[in-house]
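Please read the structure below before turning to the comments.
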Amino acid sequence: MRLVSLLCILVVGISQCLAEKRILALLENLAVKETHSIFFSMLNRHGFSVTYKVADDSTLQIKKYGEFVYDHIVVFAPTVEEFGGSLNADMITEFIDNGGNILITGNSNTGEVLREIASECGFEVDEEGTNVIDHLNFDAKDTGHHTLVVADPKDFIKSELITGGVKSPLLYRGTGILADPGNPLVLEVLTGSSTSYSANPEQPIKEYPHAVGKNTVLIAGLQARNNARVIFSGSLEFFSDEFFNAEVAKGNGKAVAAGNAEFAEALTLWCFKERGVLRVDSINHHLVGETSPPDFYTIRENVEFEINVVEKKDGSWVPFKGQDVQVEFVRIDPFVRATMKNVNGRVSAQFKIPDVYGVYQFKVNYLRLGLTRIQTSTQVSVRPLRHDQYERFISSAYPYYASAFSMMGGVFLFAIVFLYYKEDEGKKKAE
Amino acid sequence: MSGSVVPVLGRFSVEKQESLLKLSILSISVVLAFSTRLFSVLRFESVIHEFDPYFNYRTTRFLAENGFYSFHNWFDDRAWYPLGRIIGGTIYPGLMVTASTIYHFLNSLNITLDVREVCVFLAPLFSSLTAIMTYLLTSELHSVGAGLCAAGMIAIVPGYISRSVAGSYDNEGIAIFCMLFTYYLWIKSVKTGNIYWAALCSVAYFYMVSSWGGYVFLINIIPLHVLVLMICGRFSHKTYIAYSTVYTLGTLLSMQISFVGFQPVQTSEHMLALGVFGLCQILAFVEYLRANMTQENFNVLFKSLIIIISGIIGVGLGVLTLSGKVAPWTGRFYSLLDPSYAKNNIPIIASVSEHQPTSWSSFYFDLQILTFLFPAGLYYCFSKLTDHNIFIILYGVFAVYFAGVMVRLMLVLAPVMCILSGIAVSSSLSTYMKYLDSSNQQTKSTSKVGKIKQDSSSNTQKEGIAYIFVGMITFFLISYTFHCTWVTSEAYSSPSIVLSARSHDGSRIIFDDFREAYWWLRMNTPEDAKVMSWWDYGYQITAMANRTIIVDNNTWNNTHISRVGQAMASTEDKAYEIMRELDVNYVLVIFGGLTGYSSDDINKFLWMVRIGGSTPEGAHIKEWDYYTPSGEFRVDSEGSQTLLNCMMYKMCYYRFGQVYTEGGKPPGYDRVRNAEIGVKDFELDVLEEAYTSEHWIVRIYKVKDLPNRGSR
């Protein structure tokens with residue numbers, strides 16, 4: 001009996017473990033699986049279970065009985081105009097809004113459905129036929145259009161969590177992406193150099209290109225408010241075996257191994273939430289010296305607020321190390337803002353509640369590049385003093401106490417005199 | 001039965017008959033006072049009415065359940081989010097304490113009534129007590145006959161019923177009783193000059209202070225009485241003892257109510273009482289000196305004293321007022337003196353309909369025949385001027401003035417109208433009844449034969465006049481009774497939480513939308529959801545839906561209300577910022593366009609605009625933007641664009657453009673404004689419709705979160 005239940009727990013545990021690692025790979029055609037075998041074997045190595053489907057497969061389905069059956073989606077089908085089955089752009093955005101992560105690649109002929117998804121996520125893929133061109137930073141193997149661009153590490157996003165700390169240049173051939181400047185959630189993971197631009201290499205340029213210089217985004221990312229992550233790469237070849245194994249030689253420079261493999265691995269793991277993921281295990285607040293939260297606080301009390309934060313590293317949860325988490329004590333405006341001390345993942349701060357009663361919130365809004373956002377708010381009410389919590393005797397009021405008591409004494413004496421002292425001439429009314 | 005009563009009555013002595021008659025008249029008045037207020041319970045059900053009573057009900061339940069100390073220290077985090085409200089320190093607890101005492105008393109007798117039932121029937125109960133108190137007061141002032149007359153009148157006077165029907169569980173319900181009780185004891189103490197009565201009077205005053213903010217009227221009318229007595233030269237030791245005791249004890253006691261606090265010694269409303277108290281002492285001292293000094297010495301001393309004392313008082317008051325220790329004249333006070341003050345300066349005070357000046361018709365509507373009997377009563381008081389008659393004259397005159405300033409003060413006027421009318425009716429009737437009586441006695445008595453013979457011819461004439469007069473008064477009183485019953489049944493017995501209307505075929509339709517929607521909120525929203533609505537509905541939402549609200553009927557924070565007004569009057573984007581700032585989850589609006597319920601949010605909207613624009617943050621909201629160029633407030637296609645794009649408009653008229661409301665009219669026809677709405681097809685960006693009640697009276701919207709994948 002016990003064994004069975006243990007087994008059950010084990011099975012449930014495993015399936016839960018797997019439950020976060022189901023990938024649907026949508027391919028242009030099955031050949032992509034071969035040309036990108038290093039990438040897929042990397043996924044398998046990290047414990048993902050990948051289901052391969054051709055993008056226009058008519059049995060395509062990601063939602064069953066109201067639940068999504070995959071956790072992540074890889075779209076290696078740049079030119080697909082419409083997905084097969086029930087899958088469409090709306091379904092994909094719903095997938096993202098439910099916390100699913102997605103890695104999409106385009107190329108110079110990016111299909112309509114991918115453009116639609118991209119624009120839902122705050123970036124725009126440049127027109128059909130356009131390529132990123134850089135006349136100064138191109139690889140020696142380039143065929144003359146200067147479309148095989150070399151991306152320099154200085155153009156990576158400044159977050160090792162996303163880039164994996166890659167130091168070598170990357171090879172890229174594909175379309176440029178424009179990021180929506182009004183969307184604060186978009187990340188420009190990899191941009192072109194300042195000499196790059198996006199245009200159709202076959203045709204003479206008549207109009208000013210849509211994307212020029214640093215604005216040409218090669219790989220764009222988005223971390224939604226629910227922490228779902230989206231990566232859109234303008235180049236499918238970026239992830240190919242060919243680029244993974246290639247050597248880069250800029251101009252007549254020395255050839256070095258391309259960093260694509262390493263970069264793609266880091267990026268993919270970031271996108272599929274294997275890196276840069278924070279989780280709040282517990283939130284607690286209490287008076288200094290106590291352990292459990294009271295029903296309410298009173299003004300001017302000393303309070304301690306703590307959260308336990310863990311970070312996902314190499315597949316396991318370890319205490320978070322960041323020292324810059326702040327807590328705010330908010331009632332419309334923050335009344336207190338304190339940087340919390342981090343002791344082995346237990347992040348805490350002590351402060352004194354302001355002398356203003358009301359309904360407050362402990363708010364932590366921790367947003368760092370590459371990390372999932374921590375956003376918690378815990379509502380507490382802060383009361384004024386009870387009627388018996390005020391000072392009983394105020395020292396500055398002693399003169400008044402004295403006058404009151406002397407008056408009482410005086411009236412008492414006067415009453416005695418008035419009532420019992422008899423004058424000879426008879427009674428006389430006072431006043 | 002009735003046959004046997006007459007001989008039994010006949011066997012009683014005259015005093016016994018009289019007291020039996022008194023008792024039966026009084027008890028009939030008491031029963032009448034109670035039962036005439038039950039229309040709403042019989043017609044609808046035993047519910048709490050209106051807005052404020054819901055708050056009182058909620059606090060009473062809290063008090064009954066948690067005891068006085070937790071009530072006294074109650075910090076309510078469900079109201080005025082996120083400011084909260086210290087309930088214990090911002091209410092007059094008399095009503096709640098009374099109700100919960102009755103509740104506990106009944107329960108200790110194993111009469112298990114719900115708190116709500118106690119609350120519903122408290123006002124009728126106290127109205128009955130008021131009838132008794134009016135009898136006592138009037139008998140003390142004039143005569144027993146006048147007292148019985150006044151008791152009968154106050155039992156059914158609509159001006160008082162409007163605030164005290166069953167279910168109208170508000171401070172005024174018990175405050176009128178407290179007020180008359182205090183007056184009664186005051187008259188007693190002035191008459192007797194007894195510290196005992198004066199002390200009782202100050203205890204009654206304490207009860208009055210604990211139950212209604214209108215005690216300010218009382219603490220001004222009593223000193224005024226004393227002042228007038230001084231001026232008339234009627235000031236005596238009796239008055240001195242009565243006033244000095246009442247003022248000192250009463251002030252000390254009233255300061256124990258934490259909402260009143262130090263106001264009795266700081267604010268200008270109470271300064272008359274303090275000044276008169278000082279004057280009393282001076283006058284008494286002067287009398288004492290005069291009795292013990294020669295005339296010349298006294299004159300010198302008197303003059304110098306007057307100059308010195310008035311100088312000290314003037315300088316002291318000036319310094320205190322300038323330093324802010326003495327609260328400057330507050331807006332409520334000014335609005336009493338100058339009816340247009342509040343309207344021009346404080347929109348939040350002006351927006352309350354019961355703070356509006358009274359129209360002439362409502363005097364007749366609320367008081368009917370009393371309006372005409374009142375001057376007669378004044379005449380009878382003047383004709384036999386006594387210390388206590390001066391009091392009732394003063395009370396009457398000032399109450400008439402204040403009732404003219406503010407509709408709600410009609411309540412203070414109603415009792416004095418009844419008292420004076422009672423005096424008038426009783427005096428005039430007894431004048432004329434004499435002739436009717438004497439005609440009977442004429443045949444029996446033979447002692448004054450000579451005189452009667454002389455007058456016999458004129459006597460029959462007088463008798464005729466007397467008959468006509470008595471008949472007329474009877475007719476007036478009967479018509480008064482019918483009028484009162486009609487007004488009570490038609491105007492003052494609707495609970496306003498349940499609406500009723502007549503359909504085309506004459507049958508009654510009940511709109512129970514409020515409770516339906518509040519119940520929906522209670523059952524379908526998270527426990528800590530914050531609901532934003534205009535402040536009128538705040539108390540009801542906290543009491544019935546048990547959800548946190550942003551503003552409520554206790555309009556203590558103008559800025560906060562203004563913020564809500566701004567949200568309602570702004571475009572969706574601006575409103576969204578405000579709603580995010582206030583953590584609003586749901587927005588509730590009242591809309592009458594479908595049913596023709598006219599006191600809905602669109603009709604109140606101009607007040608939201610005015611109040612919203614009255615603070616610096618809302619400076620961009622200007623009332624004129626919401627009018628058409630010709631200065632009209634219209635919701636149809638000619639309405640101003642600002643109005644047609646504001647949140648309130650969108651929330652009220654969302655999806656309304658597809659609804660047919662009246663035959664022969666286009667869809668989206670608003671039955672309150674009698675107009676086809678201007679914008680019909682629009683979508684809401686930051687809100688989604690969460691619930692709309694059956695007759696569309698209450699509409700609830702959910703505030704959307706920030707979009708998941710970027711900014712709006």
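Computed over heavy atoms, backbone and side chain alike; hydrogens, waters and symmetry mates excluded. Everything numeric in this text was worked out from a predicted model, so none of it was measured. Within every chain, numbering begins at 1; the chains are lettered A, B, ... in the order of the sequence lines, protein sequences first and strands thereafter.
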Listed by chain and number, what are the side chain to side chain contact (heavy atoms under 4.5 Å, CB included) partners of A/Val280, not counting sequence neighbours?
A/Ile283, A/Ile307, A/Ile374, A/Thr376
Residues of residues 78-90 of chain B contacting chain A, heavy-atom criterion under 4.5 Å, by residue number:
B/Tyr81, B/Pro82, B/Leu83, B/Gly84, B/Ile86
Would you say B/Gln256's side chain and B/Leu252's backbone share a donor-acceptor pair under 3.5 angstrom?
yes
Hey, are A/Asn227 and A/Thr372 close enough side-chain-wise for a donor-acceptor pair under 3.5 Å?
no
Side chains of A/Arg225 and B/Asp705, heavy atoms from C-beta outward: is any pair under 4.5 Å?
no
A/Glu120, part contacting chain B, at a heavy-atom distance under 4.5 Å:
both
Where does A/Val330 contact chain B at under 4.5 Å (heavy atoms): side chain, backbone, both or neither?
neither
Parallel, tilted or perpendicular: rings of A/Phe95 and A/Phe68 (30°, 60°):
perpendicular
Indicate, with yes or no, if the rings of A/Phe329 and A/Phe305 have centres closer together than 6.0 Å.
no
Between B/Asp583 and chain A, with a heavy-atom cut-off of 4.5 Å, which part of the residue counts as in contact: side chain, backbone, both or neither?
side chain
Is the NZ atom of B/Lys702 crowded by more than 12 outside heavy atoms at less than 6.0 Å?
yes
Taking the six-membered ring of A/Phe296 (Phe, Tyr or Trp), confirm whether the NZ or CZ of A/Arg383 is under 6.0 Å from its centre and within 45° of its axis.
yes
Of all of A/Asp388, A/Leu222, A/Asp333, A/Thr93, which one pairs up most often with chain B through heavy atoms under 4.5 Å apart?
A/Thr93
Counting heavy-atom pairs closer than 4.5 Å to chain B, which one of A/Cys121, A/Pro384, A/Gly122 comes out on top?
A/Pro384
